[in-house]
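Here is how names work: the chains are called A, B, and so on, in the same order as the sequence lines, proteins then strands, and each is numbered from 1. Just so you know, these numbers come straight off a predicted model, no measurement behind them.
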Amino acid sequence: MSPSTPRFRFAPSPTGFLHVGNARAALFNWLEARRLGGEMLLRVEDTDRERSSSELIDNVLDSLRWLGIDWDGDIVLQADNLDAHRAAAHRLLEEGRAYWCDCTTEQVQERARQRGGPPGYDGHCRDRGLAQREDTALRFRTPDEGTTSFTDVVRGEVSFDNATIEDFVLLRSNGLPVFLLSNAYDDATMEITHVVRGEDHVPGTPKYLLLREALGLGRPEVFAHLPLLVNEQRKKLSKRKDAVSVAEFRERGYLASAMVNYLATLGWGPKDGIEVRPLEEIIELFRLEDVTPSPAFFDVKKLQSFNADHIRALSPERFREEVRPFLSSPEVAEALEPLAELVQERVRLLTEVEPMIAFLLDRPLEIDDASWEKAMVKGKAAPEMLDATIERFEALDAWTADAIRVAVEDAATAVGLTNAEGRPQLSKAQAPVRVATTGRSVGPPLFESLEALGRERTLERLRAARARL
RNA sequence: GCCCCCAUCGUCUAGCGGCCUAGGACACCGGCCUUUCACGCCGGCAGCACGGGUUCGAAUCCCGUUGGGGGUGCCA
């Protein structure tokens with residue numbers, strides 16, 4: 001690594017599954033690192049022992065890999081650095097830049113309430129000269145004057161009055177460092193040059209900067225605070241309230257390429273207006289400095305549309321590979337085979353594939369009531385059409401889509417389902433046949449479907465439907 | 001309350017002082033194509049939050065208002 005190599009990091013805390021907001025942050029780090037020829041590091045912020053677990057870490061890593069977001073070097077586990085973080089805090093204590101405090105959260109809040117002014121800690125223990133005890137936390141003494149500011153690539157100059165920054169906790173009474181300390185310290189030791197994260201970290205940035213300065217750790221070259229991803233209520237996406245885990249989207253039949261593509265359009269857009277495109281192009285076009293500062297709504301409808309486009313763009317072979325995990329058995333994969341291409345261009349989600357060809361499986365045909373009603377009861381000449389079709393199918397020499405088509409057209413003409421010129425009206429004529437054989441009024445093209453179904457089963461179903469009328 | 005941020009169609013965006021009677025995409029609504037559906041194509045609906053400046057000229061710059069959001073933990 002040359003000294004000028006930009007170093008990015010994605011630092012998830014494994015307190016839940018990787019959700020789309022984090023994934024977007026990881027993606028933007030990764031894209032910019034790619035563009036600048038920099039490195040992308042991964043640090044797992046697992047200092048909250050109670051909420052972290054190895055399963056959650058696995059989920060985060062799996063999701064990143066699935067998305068194709070890779071990283072350089074070994075993963076840093078923040079919990080491994082705890083001693084160094086503690087030592088740093090003690091150094092601050094020795095230098096008089098931190099002090100022990102025995103105020104409880106309740107006391108702090110109560111005083112703030114009575115005071116009526118700014119909330120947060122009031123510096124109560126600043127000069128009490130308390131020694132460390134079981135119930136004391138170490139607080140950082142923030143400057144009373146001056147301002148702390150930084151330049152943000154997406155937001156410009158951001159500045160805070162030091163007087164409004166409370167004396168925040170460095171070490172909990174149980175001795176564990178808090179996020180801010182670990183985060184700032186690790187960024188420094190990992191030589192991170194570009195800090196790219198969610199907008200929710202903006203208010204913590206002056207504390208981060210003050211801390212690094214006090215520790216003599218310098219500061220990152222670049223900050224970029226990405227716009228938050230919000231739900232329909234315009235609130236920050238929450239992993240608890242909003243169903244947004246990347247793993248879940250994967251299970252629901254979304255392609256990684258669609259996911260990444262869509263995520264890239266949240267807070268950023270290609271100048272040429274072409275949104276659906278391969279990752280390689282996005283890597284070329286993406287620029288952190290073009291990211292918008294305002295929050296973005298995560299629109300599943302639009303994601304679905306992207307997904308359909310990405311599915312259609314797959315090669316036939318690739319489509320089969322992607323679909324395989326969503327098929328319940330090898331028999332289903334086999335059944336899909338003859339219609340694969342036709343199905344590929346009709347689904348938005350990989351989970352829609354199996355239902356679309358379910359009529360080909362060796363199981364009793366389920367007939368959709370609404371479809372039946374429409375085609376058989378309200379549709380014209382359904383019984384006649386079925387009779388005529390059965391008759392012609394029985395007489396067919398070759399069971400091919402073309403032959404089937406001719407037979408159906410012929411049947412339609414025979415029963416009078418024709419237009420003004422006397423041509424068969426396939427749109428009407430195919431309906432009863434489709435419902436009788438596939439159970440639904442929509443699906444892949446009928447004649448290919450029947451060819452795949454086979455003459456025996458087709459006739460069986462046509463007769464059964466006829467009997468029901 | 002206090003601090004910080006944000007503000008272009010319903011949604012995501014392009015726009016970075018004149019090319020804008022504001023472009024694209026999703027969604028929605030018509031129509032065409034068509035064996036259903038899907039695709040594709042054509043068309044429609046719909047937006048610069050408001051008020052002041054600056055300027056010959058503002059969606060673009062400045063200020064304010066309003067609205068929204070984030071932070072305010074001995075969570076990360």
Protein-nucleic acid N or O pairs under 3.5 Å, nucleotides 67-69 of chain B:
| residue | atom | partner | partner atom | Å |
| --- | --- | --- | --- | --- |
| B:rG69 | OP1 | A:Lys235 | NZ | 2.8 |

*Once each nucleotide of nucleotides 18-35 of chain B is scored for protein heavy atoms under 4.0 Å, what B/S/- sequence comes out, 5' to 3'?*
------BBSS-------B
Give, ordered by number, those residues of [range] having at least one heavy-atom distance below 4.0 Å to an atom of RNA chain B; if nothing qualifies, reply none.
range	value
residues 171-185 of chain A	A:Arg172, A:Ser173, A:Val178, A:Phe179
residues 343-359 of chain A	A:Glu345, A:Arg346
residues 139-152 of chain A	A:Arg139

Separation of atom [atom1] in [X] from atom [atom2] in [N], rounded to whole Å:
X	N	atom1	atom2	answer
A:Leu237	B:rG70	CG	C1'	13 Å
A:Gln107	B:rC74	CD	P	12 Å
A:Gln78	B:rC75	CD	C1'	13 Å
A:Phe286	B:rA14	CZ	P	11 Å
A:Glu166	B:rC4	CD	C1'	14 Å
A:Asp290	B:rA14	CG	P	8 Å
A:Asp46	B:rC75	CG	C1'	14 Å

Is it true that, when you exclude [X] itself, more than 12 heavy atoms of the residues, nucleotides or ligands shown sit nearer than 6.0 Å to its [atom1]?
X	atom1	answer
A:Lys239	NZ	yes
A:Glu134	CD	no
A:Lys428	NZ	no

*asked:* Suppose we screen for salt bridge (Lys or Arg N to Asp or Glu O under 4.0 Å). Which residues come up paired with A:Glu366, at least two apart in sequence or across chains?
replied: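 A:Glu366: no salt bridge (Lys or Arg N to Asp or Glu O under 4.0 Å) contacts found.
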_Member of A:Glu199, A:Arg197, A:His201 meeting the side-chain hydrogen bond (donor to acceptor under 3.5 Å, both in side chains) criterion with A:His225_ = A:Arg197
How far, in whole Å, is [M] from [N] if one measures between their [atom1] atoms?
N	M	atom1	answer
B:rG15	B:rG23	C1'	8 Å
B:rA25	B:rG47	C1'	15 Å
B:rC19	B:rA14	C1'	14 Å
B:rU21	B:rC33	P	37 Å
B:rA7	B:rA59	C1'	12 Å
B:rG69	B:rU11	P	14 Å
B:rA58	B:rC50	P	15 Å
B:rU55	B:rC62	C1'	12 Å

Expected list for residues 444-453 of chain A: side-chain donor-acceptor pairs under 3.5 angstrom, two or more places apart:
| residue | atom | partner | partner atom | Å |
| --- | --- | --- | --- | --- |
| A:Ser449 | OG | A:Pro445 | O | 2.8 |
| A:Glu451 | OE1 | A:Ala401 | N | 2.8 |

Of all the nucleotides listed ([options]), which has the minimum atom distance to the side chain of [X]?
X	options	value
A:Asp48	B:rU13, B:rC6, B:rC75	B:rC75
A:Lys271	B:rU36, B:rC6, B:rG15	B:rG15
A:Ser13	B:rA76, B:rA14, B:rG70	B:rA76

*Approximate separation, where rounding is to 0.5 Å, of A:Phe179 CZ and A:Leu181 CG*: 11.0 Å
_Heavy-atom donor-acceptor pair, A:Arg155 side-chain to B:rC5 base, under 3.5 Å_ = no
*May I ask you to verify if any side-chain N or O of A:Thr104 is less than 4.0 angstrom from the OP1 or OP2 atom of B:rC74?*
no
*Would you please confirm or rule out a distance under 4.0 Å between OP1 or OP2 of B:rA76 and any side-chain N or O of A:Ser52?*
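Negative; the distance criterion is not met.
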*What residues, two or more places apart in sequence or in another chain, satisfy side-chain contact (heavy atoms from CB on, under 4.5 Å) together with A:Arg348?*
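A:Arg348 satisfies side-chain contact (heavy atoms from CB on, under 4.5 Å) with A:Gln304, A:Ala308, A:Glu352 only.
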*Between A:Glu157 and A:Cys103, name the one whose nearest nucleotide on RNA chain B is closer to the 5' end.*
A:Glu157
*Let me know, please, whether A:Tyr262 or A:Lys207 comes out on the 5' side of the other along RNA chain B by nearest nucleotide.*
A:Tyr262
So, do [X] and [Y] have ring centers that fall under 6.0 Å from each other?
X	Y	answer
A:Phe286	A:Phe28	yes
A:Phe223	A:Tyr208	yes
A:Tyr262	A:Tyr254	no

*At under 4.0 Å between heavy atoms, what does A:Asn307 touch on the DNA or RNA strands: base, sugar-phosphate, or nothing?*
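Counting heavy atoms under 4.0 Å across all strands, no contact is made by A:Asn307.
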*Give A:His225 one of three labels, base, sugar-phosphate or nothing, depending on what nucleic acid heavy atoms sit under 4.0 Å from its own.*
nothing
_Watson-Crick or G-U wobble partner of B:rC2, both distances under 3.5 Å_ = B:rG71
_Under a 3.5 Å cut-off for both contacts, is B:rC50 paired Watson-Crick or G-U wobble with anything, and if yes, with which nucleotide?_
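Across any shown strand, B:rC50 pairs with B:rG64.
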Taking 4.0 angstrom as the limit, do [X] and [Y] come out as a salt bridge?
X	Y	answer
A:Asp272	A:Arg277	yes
A:Arg405	A:Asp402	no
A:Glu45	A:Arg43	yes

*Is there any side-chain hydrogen bond (donor to acceptor under 3.5 Å, both in side chains) pair reaching into residues 153-171 of chain A, and which pairs are they, with sequence neighbours excluded?*
A:Tyr99-A:Asp167, A:Arg126-A:Asp167, A:Thr142-A:Asp167, A:Thr148-A:Asn162, A:Thr151-A:Glu157
*Write out all pairs satisfying side-chain hydrogen bond (donor to acceptor under 3.5 Å, both in side chains) with one or both partners inside residues 82-93 of chain A, taking only residues at least two apart or from two chains.*
A:Asp83-A:Arg86, A:His85-A:Ser182, A:His85-A:Asp186
*asked:* Here's one to test your reading of the geometry: is the NZ or CZ of A:Arg139 within 45 degrees of the ring axis of A:Tyr121 and under 6.0 Å from its centre?
replied: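 Judged by the rule, A:Arg139 and A:Tyr121 form a cation-pi pair.
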Residues 16-25 of chain A side chain polar contacts: donor-acceptor under 3.5 Å, at least two apart:
| residue | atom | partner | partner atom | Å |
| --- | --- | --- | --- | --- |
| A:His19 | ND1 | A:Gly21 | N | 3.0 |
| A:His19 | NE2 | A:Asn22 | OD1 | 3.4 |
| A:Arg24 | NH1 | A:Leu266 | O | 2.6 |
| A:Arg24 | NH2 | A:Pro227 | O | 2.2 |

Result block: side-chain N/O donor-acceptor pairs under 3.5 angstrom for residues 411-421 of chain A, not counting sequence neighbours:
| residue | atom | partner | partner atom | Å |
| --- | --- | --- | --- | --- |
| A:Thr413 | OG1 | A:Glu409 | O | 2.9 |
| A:Asn419 | OD1 | A:Glu421 | N | 2.9 |
| A:Asn419 | OD1 | A:Gly422 | N | 3.0 |
| A:Asn419 | OD1 | A:Arg423 | N | 2.8 |

